[in-house]
Amino acid sequence: MSIKILSDDLINKIAAGEVLERPSSAVKELVENSIDANANEINIYIRDGGKTEIIVSDNGDGINSNELPLAIKRHATSKLSLENFNNISSLGFRGEALPSIASVSEMLIKTKTENDKEGTSIEISSGLTESIKPVNQKKGTHITVRNLFFSTPARLKFLKSENYESLTIKKIIQKLAMCNYKINFKLYINNKLVLSTKKINDANNYNLLKNRTSEILGNQFLENTLYFDEKVDDFRFFGFLGVPTFHHSNTNNQYIFINKRVIQDKSLNVLFKLAYRDFISYDRFPQFISFIQCPKSEVDVNVHPSKNEVRFKDIKSLRSRIISLVKNNLKKVNHFASTVNTERAIDKFSKFTSQSLLELNDPSESSSLNLESINDKLESENINQKKNFPLGYAKSQFHNTYIISQTNEGIVVVDQHAAHERIVYERMKSEIYNKNIKTQILLIPVVIDLDKSMLNVLVDLLDKVRNYGLVIEPFGNDSIIVREIPAILSDCDVKILALDIINELIENNDSSSVKEQINKICSKMACHGSIRAGREMQINEMNDLLRKMETTPFSGQCNHGRPTYVELKLNDIERLFGRK
Ligand code: ADP
Ligand code: MG
């Protein structure tokens, strides 16, 4: 076999394999070209999941008629030169997209610049130019791609159902529209308008982004996220961070943009997951929008053919910046728990009430019963004269597990164990990190018999155990005695607690970082030493818990990411009873 240089056509088809994974990659490349051409209106039309037709039409700068044949040549670009190689600000720069798409489809480009008197069109089929001629076209570019991958049947076979491909396209347009919140987008799928953004006349960055977020993700997203905008050295971070209880089953609602570029880089998703680790169970994912802006020299965008990934010069400091940024902002959340839980509660309640109304012979009887039990102890009638606490005043406990409290605007139902667990956890952590752990001396110390081999390992760990507020000493040849435990723990089986902590320290003594270990142990202690579900509480004890929740960071969710309370506003309650 003799060695030959590949033909342009083959080179383009190979490049197409890299740049174009599926129709959505072609859509992304075309829309990014429109953005680079300074368009402020971009319309996208899709048919059959993009397999038979993709049209991207913009009002951008257009392509000079004499340069149009060049635009579809490989490595031909207006965006890159030696001067700006290390300072790329456009989305494209590799000059690969148009020739790649053209080599595996039937493509028609119509374009006109400000200066050209008339438009020009070029028709290409499977990489071969079929015609170039004048055309009626307003300023901007209109590109039609038909029968994508028709000349590469192997790739065609890998495409998924129309629905899947359409959804993938919608997701990428959502991301591009979110990131480019000053540009207007319309997406039509099989003639149906599925995404449309409105022009708003507002120069304020926050207002524009907020408006775009509500258009794309809805108001529920805004209600359950907090805006942040911070500068750290040369970096600026801004966007919306979801409160921890507003979690999701996957990373679909994580929007990360770096220097106005849509990034799909798992390692960055992991960074955010780490930042939320303390508040969300491992199988759930936070929802957020994060714009990261940094000097171009800090980040290499040329590491991935479809430019989905980037490489940071100093990933370690980015990591610590993101983690502390997220944590500091989430502290502001305090007791706030996602409103999604309220919606879910209403949904469940509504189904339940409509069902039970059908089943009950005399509904009035049952509702008066319920009212009576709530009215039973109303301990203080003049609630309105009291201070306006966000979580209100405890009214009653039910099933020895939940607290009902009345706020100025409605009621709050608190899961007593989950709430207390979070409070204990945060207190323990702060005491341990500040080396100020308060202990209580046990009236009757607890003796625990141990295996000899375990005892040997344990003796070396007793000092460490003391840092966690557990004072344990060897007792005879095969036992230990627990004399003190952290003061904050109540309701706790000392023996089980001590064994659990000892096991944790033995198992993970070397493997996890100190911080990770402290957090894990605090979480274990909190789980053991918190008010159990099933324990009766007095009104003042309940109010005490509510006040602590209000001042404890992250108290809207327990250590496992479940909400600690659900709020029903009077409005919601009126909806339940059909008054509204
Ligand atoms: P790149 O974007 O990396 O430069 P492409 O193959 O995507 O490479 O595009 C080649 C060139 O065609 C671009 O550099 C640009 O000059 C021109 N071009 C493509 N699409 C458009 C558009 N929608 N509006 C104006 N110019 C465009
Ligand atoms: Mg491009």
Side-chain angles (χ1 to χ4, degrees), residues 11-39 42-47 49-51 53-58 60-63 68 70-80 88-111 122 124 126-127 140-152 155 159 165-166 168-180 183 185 187 257-265 301-310:
I11 293 176
N12 284 334
K13 286 198 167 77
I14 291 169
E18 275 190 344
V19 183
L20 304 175
E21 198 193 339
R22 49 187 356 106
S24 63
S25 353
V27 175
K28 175 173 181 269
E29 292 293 339
L30 295 174
V31 173
E32 287 191 340
N33 278 344
S34 301
I35 296 169
D36 280 342
N38 304 309
I42 302 175
N43 296 328
I44 304 114
Y45 306 82
I46 302 297
R47 212 180 283 283
K51 292 181 227 177
E53 190 172 72
I54 296 169
I55 298 177
V56 175
S57 176
D58 68 53
D61 298 336
I63 305 173
L68 188 54
L70 256 191
I72 53 149
K73 290 268 174 282
R74 192 162 156 74
H75 301 315
T77 173
S78 56
K79 304 171 191 173
L80 190 66
I88 296 169
S89 55
S90 53
L91 297 172
F93 51 86
R94 299 167 64 110
E96 269 179 335
L98 288 189
S100 302
I101 301 171
S103 74
V104 292
S105 71
E106 292 157 2
M107 187 189 245
L108 169 70
I109 307 179
K110 295 192 280 179
T111 186
I122 187 166
I124 314 112
S126 195
T141 303
H142 184 102
I143 299 187
T144 309
V145 177
R146 292 223 170 88
N147 302 325
L148 185 66
F149 301 128
F150 83 101
S151 51
T152 47
R155 179 55 56 102
L159 299 190
E165 298 297 345
S166 298
T168 317
I169 291 173
K170 188 176 168 197
K171 276 192 195 142
I172 189 70
I173 298 296
Q174 284 181 321
K175 291 200 164 162
L176 286 162
M178 183 74 82
C179 176
N180 297 281
I183 300 177
F185 290 83
L187 168 65
F257 308 116
I258 295 169
N259 289 347
K260 287 292 187 119
R261 202 178 274 282
V262 173
I263 299 294
Q264 323 227 45
D265 185 334
V301 291
N302 188 21
V303 292
H304 191 275
S306 50
K307 296 156 280 153
N308 283 335
E309 292 172 17
V310 293

**Q** I want to check something: taking the side chain as every heavy atom from C-beta on, are Asn33 and Leu98 in contact at a cut-off of under 4.5 Å?
**A** yes

**Q** So, do Arg74 and Glu96 sit near enough that their side-chain heavy atoms are less than 4.5 Å apart?
**A** yes

**Q** If every non-hydrogen atom of Ala26 is compared with every non-hydrogen atom of Ile54, which pair is closest and at what distance?
**A** CB-CD1, 4.2 Å

**Q** Sort and list the pairs that fulfil salt bridge (Lys or Arg N to Asp or Glu O under 4.0 Å) and have at least one residue in residues 140-151, not counting sequence neighbours.
**A** Glu53-Arg146

**Q** Does Glu165 reach the side chain of Val27, with side-chain heavy atoms less than 4.5 Å apart?
**A** no

**Q** Just how far is it from atom CD1 of Ile173 to atom CD1 of Ile44, taken to the nearest 0.5 Å?
**A** 3.5 Å

**Q** So which atom in His142 and which in Ser57 form the shortest heavy-atom distance, rounded to 0.1 Å?
**A** ND1-OG, 3.3 Å

**Q** Identify the heavy atoms of Cys179 and Val262 that sit nearest to each other, and give their distance.
**A** CB-CG2, 4.3 Å

**Q** Are Leu148 and Leu159 side-chain neighbours, meaning at least one heavy-atom pair lies under 4.5 Å?
**A** no

**Q** Nearest heavy-atom pair of Ile109 and Ile72: which atoms, and what distance?
**A** CD1-CG2, 3.9 Å

**Q** Looking at CZ of Arg261 and NZ of Lys175, how far apart are the two atoms once the value is rounded to the nearest 0.5 Å?
**A** 15.0 Å

**Q** Using modelled atom types only, decide if a donor and an acceptor are shared between the side chain of Arg155 and the backbone of Val104 within a distance under 3.5 Å.
**A** no

**Q** Any side-chain heavy atom of Asn180 within less than 4.5 Å of one from Val31?
**A** no

**Q** What is the distance from atom CD1 of Ile143 to atom CD1 of Ile63, rounded to the nearest 0.5 Å?
**A** 6.0 Å

**Q** Any idea which heavy atoms bring Ile124 and Ala102 closest together, and the distance?
**A** CG2-CB, 4.1 Å

**Q** Within this structure, what is the NZ-OG1 distance for the pair Lys28 and Thr168, rounded to the nearest 0.5 Å?
**A** 14.0 Å

**Q** As an exercise, state the distance from CG of Asp58 to CG of Asn43, rounded to the nearest 0.5 Å.
**A** 9.5 Å

**Q** A side-chain contact here means heavy atoms from C-beta on lying under 4.5 Å apart; do Arg94 and Thr77 qualify?
**A** no

**Q** In the structure I gave you, are the side-chain heavy atoms of Ser126 and Lys13 within less than 4.5 Å of one another anywhere?
**A** yes

**Q** For the OG atom of Ser34 and the CG atom of Leu176, what is their distance to the nearest 0.5 Å?
**A** 10.0 Å

**Q** Shortest non-hydrogen contact from Gly49 to Ser166?
**A** CA-OG, 3.4 Å

**Q** Is the number of heavy atoms from other residues, nucleotides or ligands under 6.0 Å of Lys260 NZ greater than 12?
**A** yes

